[in-house]
Amino acid sequence: MSEQKKPPKSRVFFVGMKLLHKPGNKPPQEKNSFFHTYYKWLLWLSLSLYFFTSYLITSNPNTTPTSPDTSSHVSNSESHAVPRALIDSETNSLGVLKNLKMFVYELPPKYNTHWLANKRCGNHLFASEVAIHRALLTSEVRTFDPYEADFFFVPVYVSCNFSAVNGFPAIGHARSLISSAVNLVSMEYPFWNHSKGRDHVFVASHDFGACFHSLEDAAIADGIPQILKNSIVLQTFGVVHRHPCQDVENVVIPPYVSPESVRSTLENFPVNGPREIWAFFRGKMELHPKNISGRFYSKRVRTDIYRKFNGDRRFYLQRHRFSGYQLEIARSVFCLCPLGWAPWSPRLVESVALGCVPVIIADGIRLPFSSTVRWSKISLTVAERDVGKLGKILERVAATNLSDIQRNLWDPRTRRALLFNEEMEYGDATWQVLVSLSEKLHRSYRRSSGSDELQSDT
């Protein structure tokens, strides 16, 4: 940018010299009149004020005209609950993250990339552990100098060991694999021991997070591994009340949904397109409240929904898998998101991403990125005990504020915040994770050590 030219400092002085009499020279007779002298000084004063004001305006870097476009953008962003600092840096790929540094441990492939031999590893609902790792590897926040790192990411994939019996992820090996990884980094690097793991970050994208079990009673009994107790865990599980499986510093993250599949669906069914399905659900829905494990699935919520509304023409309820599942969501007005074994469900992300109003039926659930995603403005929450009233509840919403909810839901920033991209993008799910971590810098050994090196850096 070329430097703006400043007005000459001698403007006012120059005008004064041209208008003042020279000493010893007698002016012509006509200039001695009172009125001529009065107008002469008035002209000098006016020109002086003009040039002085011009100088102030052109020299003030903070003087910026406010256009209607800028005004409306700020208003819309603030109503979306995005922090002001993030709005100001929207053209910057990092924004508020520009000073955050993350070191990614390079572990042997048995801890991560070895599992990618199975293609499902990078695409199933627990695959945020893979997506976050990949995004960090190419992110501008990554540092190759661990001594300048604020946080340390430990990339261990524990959800890619699929059972040969039912095809579901088997995570019985998770504790031993993570323990082995921690032993390795603590022996080869000094940073784990410096902070006792307080600035080390792990992903636990499973039913009950860092408890590493799919059944709640077993997860509670096992608890969080002692080796992770001091660390930061990124986990899909979160509730608003105290729970042993979130008794660790944690960030609630969304389950993984392929952004490519969402984009492909939206090409054929835009979010504001016609929606002929009124209320939709497809998934496991036990006709009998007990499955083979002898435990109640979904606390009987899904069973009650099926029994109450299966014959209701307003509800489209299906129990079997279908390859065009996302197309059904994109054609639906309301998408039911009842709990499964755990409160959260990938349906929540799929519904938001495809413009279907999510109906959250999971008491006490803690939702991801609530400082950015206005959940109360884009979704409905129905208590588990009230599932029998779903028809009346949805009818009331459809008759009152449905259009407002849909308008809020269709904001592309909301969709972006819940999807993990292979390369991090401004505002996407990995970016939101890093923003959440930036609020935990007090846990960084480098930031809190008070060393001379740190002081010079800040």
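Everything numeric here is computed off the predicted structure, so don't read it as measured data. Note: hydrogens, waters and symmetry copies are ignored here, and every other heavy atom, side chains too, is used. Sequence positions, counted from 1, serve as the residue numbers for this chain.
Environment of CD in Gln406: crowded, with over 12 heavy atoms of neighbouring residues, nucleotides or ligands closer than 6.0 Å. Residue Lys377 places its NZ atom among 12 or fewer non-hydrogen atoms of other residues, nucleotides or ligands, all under 6.0 Å distant.
For the atom pair CG of Leu100 and CG of Leu441, the computed distance is 6.0 Å after rounding to the nearest 0.5 Å. Residue Asn272 holds its CG atom at 12.0 Å from CZ of Arg407, rounded to the nearest 0.5 Å. Note: His194 NE2 to Ser448 OG = 11.5 Å, rounded to the nearest 0.5 Å. Considering OG of Ser298 and OH of Tyr306, their distance stands at 15.0 Å, rounded to 0.5 Å. Atom CD1 of Ile132 and atom OG of Ser139 lie 12.0 Å apart (nearest 0.5 Å). Distance CD1/Ile393 to OG1/Thr381: 10.5 Å, rounded to 0.5 Å.
Taking the side chain as every heavy atom from C-beta outward, Pro343 and Val239 approach each other to under 4.5 Å. In this structure, Arg300 and Arg307 have side chains that are in contact, with non-hydrogen atoms separated by less than 4.5 Å. Ser231 places none of its side-chain heavy atoms less than 4.5 Å from the side chain of Val201. Between Val271 and Leu354 there is no side-chain heavy-atom pair separated by less than 4.5 Å. When side chains are defined from C-beta on, Leu136 counts as touching Leu434, because their heavy atoms get closer than 4.5 Å. At a threshold of 4.5 Å between non-hydrogen side-chain atoms, the residues Leu336 and Leu317 count as touching. Between Asn250 and Leu234, every side-chain heavy-atom pair lies at or beyond the 4.5 Å cut-off. In this structure, the side chains of Trp410 and Ile405 stay at 4.5 Å or more apart for every pair of heavy atoms.
Of the charged side-chain nitrogens involved, none lies within less than 4.0 Å of a carboxylate oxygen, so that Glu328 and Arg331 do not count as a salt-bridged pair.
No donor-acceptor distance shorter than 3.5 angstrom exists from the side chain of Ser370 to the backbone of Leu367, with no hydrogens or angles considered. Remark: side-chain polar atoms of Asp199 are paired, donor with acceptor, to backbone N or O of Tyr445 under 3.5 angstrom. Counting only distance, with no hydrogens or angles, the side chain of Asp150 and the backbone of Ser444 share no donor-acceptor pair below 3.5 Å. A side-chain donor-acceptor contact under 3.5 Å links Asp428 to the backbone of Glu425. Although no hydrogens or angles enter the test, the distance criterion places no donor-acceptor pair under 3.5 Å between the side chain of Arg314 and the main chain of Phe309. Remark: side-chain polar atoms of Trp192 are not paired, donor with acceptor, to backbone N or O of Leu184 under 3.5 angstrom. For Arg302 (side chain) and Met285 (main-chain N/O), no donor-acceptor pair under 3.5 Å exists by modelled atom type. Side-chain atoms of Glu395 do not come within 3.5 Å of backbone N or O of Leu390 as any donor-acceptor pair. Ser180 contributes no side-chain N or O that, together with a main-chain N or O of Ser176, makes up a donor-acceptor pair within less than 3.5 Å. Of the possible donor and acceptor atoms, one in the side chain of Arg275 sits under 3.5 Å from a partner among the backbone N and O of Ser332.
In summary, the side chains of Thr372 and Gln432 do present a donor paired with an acceptor at a separation below 3.5 Å, with no hydrogens or angles considered. Side chains of Glu216 and His243: a donor-acceptor N/O pair is present below 3.5 angstrom, by distance only. In this structure, a donor-acceptor pair under 3.5 Å is present between the side chains of Ser261 and Gln326. For the residue pair Arg396 / Asn401, no side-chain donor-acceptor distance below 3.5 Å is found, with atom types taken as modelled. Side-chain polar atoms of Glu129 and Tyr256 form no donor-acceptor pair below 3.5 angstrom.
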Quiz prompt | Audit row: Leu380, Ile360, side chain to side chain contact (heavy atoms under 4.5 Å, CB included) steps and yes/no | solution = CA-CA 6 Å; Leu380 306 178; Ile360 304 168; over 6 Å; no
Exercise. Apply ring pair (Phe, Tyr, Trp, His ring centres under 6.0 Å) to the pair Phe315 and Phe281, showing each step before the final yes or no.
Key: CA-CA 8 Å; Phe315 287 76; Phe281 177 83; over 10 Å; no
Quiz item: Run the side chain to side chain contact (heavy atoms under 4.5 Å, CB included) check on Leu107 and Val154 step by step: do they pass?
Solution: CA-CA 8 Å; Leu107 301 178; Val154 188; 4.1 Å; yes
Quiz item: Going through the distances and angles, do Ile329 and Leu327 end up as a side chain to side chain contact (heavy atoms under 4.5 Å, CB included)?
Solution: CA-CA 5 Å; Ile329 294 176; Leu327 298 178; over 6 Å; no
Quiz prompt | Verdict with supporting geometry, Asp386 and Ile361, side chain to side chain contact (heavy atoms under 4.5 Å, CB included) | solution = CA-CA 9 Å; Asp386 291 335; Ile361 312 169; over 6 Å; no
Exercise. Test Phe212 against His206 for ring pair (Phe, Tyr, Trp, His ring centres under 6.0 Å), laying out the working first.
Key: CA-CA 7 Å; Phe212 299 108; His206 326 290; 5.4 Å; yes
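Here the closest heavy-atom approach between residue Ser351 and residue Cys337 is recorded as OG-SG, 3.8 Å. Residue Pro255 comes nearest to Phe420 through the heavy atom pair O-CE1, 4.4 Å, listed as atom of the first residue, atom of the second, then distance. What you find for Arg175 and Pro225 is that their closest heavy atoms are NH1-CG, 3.4 Å. Closest non-hydrogen pair, His213 versus Leu215, comes out as ND1-N, 3.2 Å. Minimum interatomic distance between Ala353 and Leu266 (heavy atoms only, all atoms of both residues): O-CD1, 3.9 Å. Summarising the geometry of Ile224 relative to Lys229, their closest heavy-atom pair is O-CE, 3.8 Å, with the distance given to 0.1 Å.
Just one residue in the list Glu148, Glu423, Glu106 forms a salt bridge (charged side-chain N to carboxylate O under 4.0 Å, His left out) with Arg142, and that residue is Glu106.
In this structure, Lys284 satisfies the cation-pi test against Tyr297, with its NZ or CZ atom closer than 6.0 Å to the six-membered ring centre and inside 45 degrees of the ring normal. Relative to the six-membered ring of Phe162, Arg120 meets both conditions, a distance below 6.0 Å and an angle of at most 45° to the axis.
Side-chain rings of Tyr147 and Phe191 approach one another, their centers coming within less than 6.0 Å. Taking the ring centroids of Phe152 and His200, they lie under the 6.0 Å cut-off. Aromatic rings from His133 and Trp115 are positioned such that their centres are separated by 6.0 Å or more. Residues Phe103 and Tyr105 bring their aromatic ring centres within 6.0 Å. In this structure, the ring of Tyr426 has its center less than 6.0 angstrom from the ring center of Trp431.
Classified by interplanar angle (parallel below 30°, tilted 30° to 60°, perpendicular above 60°), the ring pair Trp278/Phe334 is perpendicular.
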